[in-house]
Protein chains: 2
Amino acid sequence: MTLQGWEASLDRVLALTVVLGQDMAAQLERDGLNDSRAHIIWELGHRGASKQAALATALGVTPRAITSLVDALVSHGLVTREPHPSDRRATLVTLTDRGEEVAHSFRVGHQELARRLFGDVPAGQLKTFDAVLEHVLDRLGPAHT
Amino acid sequence: MTLQGWEASLDRVLALTVVLGQDMAAQLERDGLNDSRAHIIWELGHRGASKQAALATALGVTPRAITSLVDALVSHGLVTREPHPSDRRATLVTLTDRGEEVAHSFRVGHQELARRLFGDVPAGQLKTFDAVLEHVLDRLGPAHT
DNA sequence: TATTGTTATACTCTATAACTATA
DNA sequence: TATAGTTATAGAGTATAACAATA
């Protein structure tokens with residue numbers, strides 16, 4: 001595949017995630033979530049309790065934005081602010097039981113999509129990123145140019 | 001492949017789409033575009049000169065939002081407002097030569113897949129994430145379990 | 001001095017509602 | 001009456017900057 005063809009194919013993969021993301025937003029809304037808030041839940045589910053500064057870096061937003069996002073998550077009962085054990089400047093953002101449930105549902109959905117996309121691939125076959133990409137593009141069907 | 005292996009593959013693809021999306025946003029910014037403004041250019045590229053009301057319906061936003069979006073596109077030299085030939089209430093939003101160039105670059109790009117995957121789905125039919133996922137997975141072919 | 005998180009402020013985007021001109 | 005597009009207003013989201021507390 002040419003460089004242009006490769007890049008165009010990546011664009012198509014992105015378009016897929018955009019469309020999926022738009023409809024996922026409606027589902028997130030039921031938990032008082034949007035993309036940014038869900039992203040924080042996702043990060044906490046993987047990193048465990050985190051400082052706001054760490055979340056700011058992870059999401060690529062300013063610390064000020066994290067203040068608002070955590071405020072919203074606290075108000076919806078998904079996280080709490082706990083004192084940091086060794087740094088009195090910082091707070092530890094911690095998932096509540098309900099927050100853990102939501103994080104778990106994210107992981108399940110992620111695993112489900114991964115299984116459906118890659119579930120029949122023999123172990124060790126997709127070694128390079130290009131191979132993974134080719135595989136996904138093949139799954140996009142006969143219209144793949 | 002293990003569950004972790006599938007997820008690692010998916011994560012790599014998703015990570016790539018994130019990076020690509022950031023790159024695309026930066027590219028759009030050079031033309032004074034964002035997602036909504038680009039969406040209008042894309043619609044005009046396919047519908048031809050259109051009433052603002054038609055664009056509001058196409059984008060799923062209010063007529064007020066279209067006013068602002070078209071203002072921005074006019075200021076960047078991508079569209080003009082022309083009088084509607086038969087309805088003096090309406091204006092025809094029309095691509096300039098430069099707007100046509102941008103629209104053409106879109107046509108060969110990432111939006112092609114979204115059209116190919118969802119172009120024959122009646123508007124509003126895929127309301128839930130599950131419905132969209134099922135539809136996409138059907139299109140993805142034999143791995144669908 | 002540097003870092004953590006906050007308050008204050010401003011900007012972008014888009015929704016609702018009221019309005020004018022026209023159909 | 002209904003429709004096209006505007007102005008007025010409000011809310012969400014996030015950026016920059018100034019600040020206090022702590023490292």
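Letters go in sequence order (proteins before strands), and every chain restarts at 1.
- Atom-to-atom distance recorded for A:I41:CD1 and A:R98:CZ is 9.5 Å, nearest 0.5 angstrom.
- Looking at A:V102 and A:L95, their side chains never come closer than 4.5 Å, going by heavy atoms from C-beta outward.
- Residues A:R81 and A:L92 form no side-chain contact, since every pair of their non-hydrogen atoms from C-beta on lies 4.5 Å or further apart.
- Distance A:R88 CZ to D:dA21 C1': 9 Å, rounded to the nearest Å.
- At whole-Å resolution of the value, CZ in B:R81 and P in D:dG5 are 9 Å apart.
- Using a 4.0 Å cut-off between charged nitrogen and carboxylate oxygen, B:R37 and B:D31 do not count as a salt-bridge pair.
- Within 6.0 Å of NE2 in A:H104 there are 12 or fewer heavy atoms belonging to other residues, nucleotides or ligands.
- B:S50 contributes a side-chain N or O that, together with a main-chain N or O of B:G48, makes up a donor-acceptor pair within less than 3.5 Å.
- Protein chain B touches strand DNA chain C; the 5'-most and 3'-most nucleotides with an atom under 4.0 angstrom of its non-hydrogen atoms are C:dC13 to C:dA23.
- Around the CG atom of B:D87, the shell of radius 6.0 Å holds more than 12 heavy atoms that belong to other residues, nucleotides or ligands.
- Place A:R89 and A:Q52 on DNA chain C by their nearest nucleotides, and A:R89 ends up nearer the 5' end.
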Grab the N/O contacts between the protein and nucleotides 12-19 of chain D below 3.5 Å, and write none if there aren't any.
unit_1	atom_1	unit_2	atom_2	d
D:dG13	OP1	A:N34	ND2	2.8
D:dG13	OP2	A:R37	NH2	3.0
D:dT14	OP1	A:S36	OG	2.7
D:dA15	OP2	A:T62	N	3.2
D:dA15	OP2	A:T62	OG1	3.0

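- Counting to the nearest Å, the P atom of D:dG5 and the NZ atom of B:K51 are 6 Å from each other.
- When side chains are defined from C-beta on, A:L33 counts as touching A:L78, because their heavy atoms get closer than 4.5 Å.
- In terms of position on DNA chain C, the residue among A:A54 and B:S86 whose nearest nucleotide sits closer to the 5' end is A:A54.
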